[in-house]
Trainee: 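Sharing a structure below in structure tokens format, with a few things to ask.
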Amino acid sequence: ENGNIKVSDAWIRPGAAGMNTAFFFNATNSSEVPDTLISADSKNAEIVEIHETYEKGEDMMGMRSVDKVVIPANSTFEFKPMQHHVMLIKVIDDLKINDEGTVNLTFKNAGEIIVTAKVIDKKIMKH
């Protein structure tokens with residue numbers, strides 16, 4: 001937690017060394033003004049990007065990197081499977097179930113929040 005941003009329910013999907021995986025969390029903004037996630041970094045991966053999932057066409061989803069994600073005032077933004085997430089690219093060491101990974105999130109107003117998250121194998125639920 002830092003300033004008006006609180007990060008909760010963070011988890012990382014299992015990933016093997018050299019492969020990619022993803023980090024998910026909720027960001028709650030208790031401020032009267034929006035804040036913006038502007039970058040993410042992790043010692044567990046060579047490259048870290050903020051991604052969004054978008055519809056490429058009928059029943060086709062694509063992923064693309066985004067520069068930032070706005071966390072609206074007085075609300076919680078969910079980074080979750082099939083939506084926005086933080087991509088850990090070229091994982092340095094295997095991230096196995098019950099391991100922990102650390103991701104540094106930088107927000108425009110709240111600054112840096114260092115999040116330690118457990119590796120969990122959650123099944124993807126399609127709504």
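Along the sequence shown, the residues carry numbers beginning at 1. Heavy-atom basis, side chains included; hydrogens, waters and symmetry copies ignored. Being a predicted model, the structure only gives us computed values, none of them experimental.
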Trainee: Quick one: pull up CD1 in Ile38 and CG in Leu105 and give me the separation to the nearest 0.5 Å.
Mentor: 11.0 Å
Trainee: Determine the minimum heavy-atom distance between Thr116 and Glu100, stating which atoms define it.
Mentor: CG2-OE1, 3.5 Å
Trainee: Is there a donor-acceptor pair closer than 3.5 Å between any side-chain N or O of Ser42 and the backbone N or O of Thr102?
Mentor: yes
Trainee: I need the Asn26 CG to Thr76 OG1 distance, nearest 0.5 Å.
Mentor: 6.5 Å
Trainee: Kindly compute the distance separating NE2 (His84) from CZ (Phe77), expressed to the nearest 0.5 Å.
Mentor: 4.5 Å
Trainee: Could you give me the CA-CA distance, side-chain angles and deciding distance for Val115 and Phe23, then say whether side-chain contact (heavy atoms from CB on, under 4.5 Å) is met?
Mentor: CA-CA 10 Å; Val115 184; Phe23 167 72; 3.9 Å; yes
Trainee: Evaluate the side-chain contact (heavy atoms from CB on, under 4.5 Å) criterion for residues Asn98 and Lys118: first the C-alpha distance (whole Å), next the side-chain angles of each, then the deciding distance (0.1 Å), finally the verdict.
Mentor: CA-CA 6 Å; Asn98 290 326; Lys118 228 179 178 79; 3.5 Å; yes
Trainee: Looking only at atom types and distance, does a side-chain atom of Asp35 sit under 3.5 Å from a main-chain N or O of Asn29, one as donor and one as acceptor?
Mentor: no
Trainee: Would you call Asn104 and Ile114 a side-chain contact if the rule is heavy atoms closer than 4.5 Å?
Mentor: yes
Trainee: Does any non-hydrogen side-chain atom of His85 lie less than 4.5 Å from one of Thr53?
Mentor: yes
Trainee: Check Ala45 against Leu88 and note the closest heavy-atom contact, atom names and distance.
Mentor: CB-CB, 3.8 Å
Trainee: How far does CD1 of Ile50 sit from CZ of Phe79, to the nearest 0.5 angstrom?
Mentor: 7.0 Å
Trainee: Below 4.5 Å, heavy atoms only, C-beta onward: do Lys108 and Lys68 meet side chain to side chain?
Mentor: no
Trainee: Are Lys122 and Arg13 side-chain neighbours, meaning at least one heavy-atom pair lies under 4.5 Å?
Mentor: no
Trainee: To the closest 0.5 Å, what do you measure between OG1 (Thr28) and CG (Asn74)?
Mentor: 10.5 Å
Trainee: Same cluster for Met63 and Ile89 if Ile/Leu/Val/Met/Phe/Trp/Tyr side chains link at under 4.5 Å?
Mentor: yes
Trainee: When you look at Ile92 and Asn44, which way does the side-chain contact (heavy atoms from CB on, under 4.5 Å) test go after all the steps?
Mentor: CA-CA 6 Å; Ile92 293 164; Asn44 297 104; 6.0 Å; no
Trainee: Can you tell if the side chain of Thr106 reaches within under 4.5 Å of the side chain of Glu112, non-hydrogen atoms only?
Mentor: yes
Trainee: Before you tell me yes or no, could you show the steps for Val86 and Phe25 under side-chain contact (heavy atoms from CB on, under 4.5 Å), namely the whole-Å CA-CA distance, both residues' side-chain angles and the distance that decides it to 0.1 Å?
Mentor: CA-CA 9 Å; Val86 171; Phe25 60 98; 3.8 Å; yes
Trainee: Side-chain contact, heavy-atom cut-off 4.5 Å: Gln83 with Glu78?
Mentor: no
Trainee: Considering non-hydrogen atoms only, spot the tightest contact between Val91 and Gly15 and give its length.
Mentor: CG1-O, 4.3 Å
Trainee: How many angstroms lie between CG in Asp94 and CG in Asp99, if you round to the nearest 0.5 Å?
Mentor: 8.0 Å
